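Right, one structure below, let's go through it.
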Amino acid sequence: MGSRRVTITGATGLIGRKLVAELSGAGWQVTVLTRDPERARRRLGEGVAAHAWDALSEPAPAAALAGRDAVVSLAGEPVSQRWSEDAKRAIRESRVTGTENLLAGLRAAEPRPGVLVSSSAVGYYGPHGSEPIDEEAPPGTDFLAAVCVAWERATEPAAALGMRVALIRTGVVLDGEGGALEAMLPPFKLGVGGPIAGGRQFIPWIHAADVVGIYRAALEDERWEGPANATAPTPASNRDFSRALGRALNRPALLPVPGFALRLVYGEMAQVITGGARVVPAKPLMLGYSYRHGELDEALRSALGR
Ligand SMILES: NC(=O)c1ccc[n+]([C@@H]2O[C@H](COP(=O)([O-])OP(=O)(O)OC[C@H]3O[C@@H](n4cnc5c(N)ncnc54)[C@H](OP(=O)(O)O)[C@@H]3O)[C@@H](O)[C@H]2O)c1
């Protein structure tokens with residue numbers, strides 16, 4: 001077990017930092033590919049080997065991939081920002097061109113890793129009503145769905161290289177250090193947070209520890225292949241989620257936040273929050289993944305450190 005080696009891109013982010021800690025603790029030797037190795041070493045500790053890579057303009061360095069057992073691909077421009085044309089281009093290209101450049105590095109890596117575990121997102125499915133959406137559902141047609149389709153497609157050559165490929169369609173990650181909760185918290189702490197844009201749409205939430213658990217399972221268990229929804233077994237309606245967040249913070253969740261207010265602040269990106277989907281983790285459950293925080297009230301208290 002102790003001799004397994006993995007290379008991770010986007011390792012300095014919200015998910016990556018936790019994944020590096022989990023895998024290092026489990027005996028994996030970790031190499032990371034980053035835009036800034038100095039910063040990566042500061043964030044991740046000296047036990048991690050950090051190599052420079054500009055995902056947009058060059059193949060990933062084959063020397064940082066060769067001889068590893070596995071590769072995890074997490075790198076990507078943050079999605080939660082106002083979607084200007086430049087931001088949309090960066091969101092798409094960092095993932096699509098970035099993955100193509102990762103594949104170019106893997107093609108040159110000898111011996112080549114046996115598995116690629118790549119991030120994708122539940123945005124793949126586009127907005128839906130209350131019908132359950134599993135991994136068999138077709139892709140949506142909006143901007144994020146198109147990004148996810150192209151992002152996943154860019155991993156396809158890895159199978160032709162003889163690698164097992166697992167695609168982790170990640171939901172809304174609950175974590176105290178950033179991400180969606182950080183964006184939701186300020187109004188709730190003031191006691192004015194509430195259901196968003198009607199409250200009936202679903203939030204496909206997942207606790208950060210379970211995202212990490214699912215990445216680890218996909219690395220270590222050969223049965224994980226193709227898409228897997230990294231979401232909790234019980235997606236919550238926005239209204240129920242808001243009430244649970246109010247309970248976790250001991251604040252009422254009374255005042256609804258209208259969709260138009262979000263669109264004023266975030267523009268098109270508001271649809272990530274207002275147009276959810278009831279995504280269910282059929283693949284993880286079928287493979288026997290055991291959730292660390294599968295119940296919303298407990299998951300929120302844990303993420304918020306309460
Ligand atoms: N957090 C969520 O709720 C969520 C939900 C669904 C999907 N995902 C996906 O999961 C992956 C990891 O998520 P995360 O929340 O950990 O992301 P994150 O905190 O934003 O970190 C992503 C990492 O990607 C690299 N990166 C950022 N902008 C880049 C750019 N323009 N070009 C190339 N690399 C760039 C950075 O690493 P360096 O600075 O070291 O290069 C950064 O630390 C992302 O692809 C994200 O889309 C996340």
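As the structure is a prediction and not an experimental result, all values here were calculated from the model. Counting starts at 1 for both ligands and their atoms, in listed order.
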I'd like to check whether [X] has a polar contact with ligand 1, where a contact means an N/O of the residue lying under 3.5 Å from an N/O of the ligand.
X      : value
Leu33  : no
Leu14  : yes
Val173 : yes

Identify, by atom number and element, the atoms of ligand 1 in contact range of [X], meaning under 4.0 Å from any of its heavy atoms.
X      : result
Ser94  : 30 (C), 31 (N), 32 (N)
Thr34  : 38 (P), 40 (O), 41 (O)
Ser120 : 7 (C)

Could you tell me whether ligand 1 has any atom less than 4.0 Å away from a heavy atom of [X]?
X      : answer
Leu74  : yes
Trp151 : yes
Arg39  : yes
Ala11  : no

Suppose we measure from [atom] to each protein heavy atom; which comes out shortest, and what is that distance?
atom                    : result
atom 21 (O) of ligand 1 : Gly13 CA, 3.2 Å
atom 43 (O) of ligand 1 : Thr12 OG1, 2.8 Å
atom 35 (C) of ligand 1 : Arg35 CZ, 3.5 Å

Legend entry - Short N-O contact, Lys18 and Glu22, less than 4.0 angstrom: no
Inset, instruction - Could you tell me whether Ala180 approaches ligand 1 through its side chain, its backbone, both or neither, with non-hydrogen atoms closer than 4.0 Å? - result: neither
Legend entry - Trp224 and Tyr289 aromatic ring geometry - parallel, tilted or perpendicular at 30°/60° bounds: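 Rings of Tyr289 and Trp224: perpendicular, as their planes differ by over 60°.
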Inset, instruction - Check each of Ala121, Ser119, Gly171 against atom 5 (C) of ligand 1 and report the one with the nearest heavy atom. - result: Gly171
Inset, instruction - With atom 31 (N) of ligand 1 as the reference point, say which of Glu77, Arg43, Arg95 has the nearest heavy atom. - result: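 It is Glu77 whose heavy atom sits nearest to atom 31 (N) of ligand 1.
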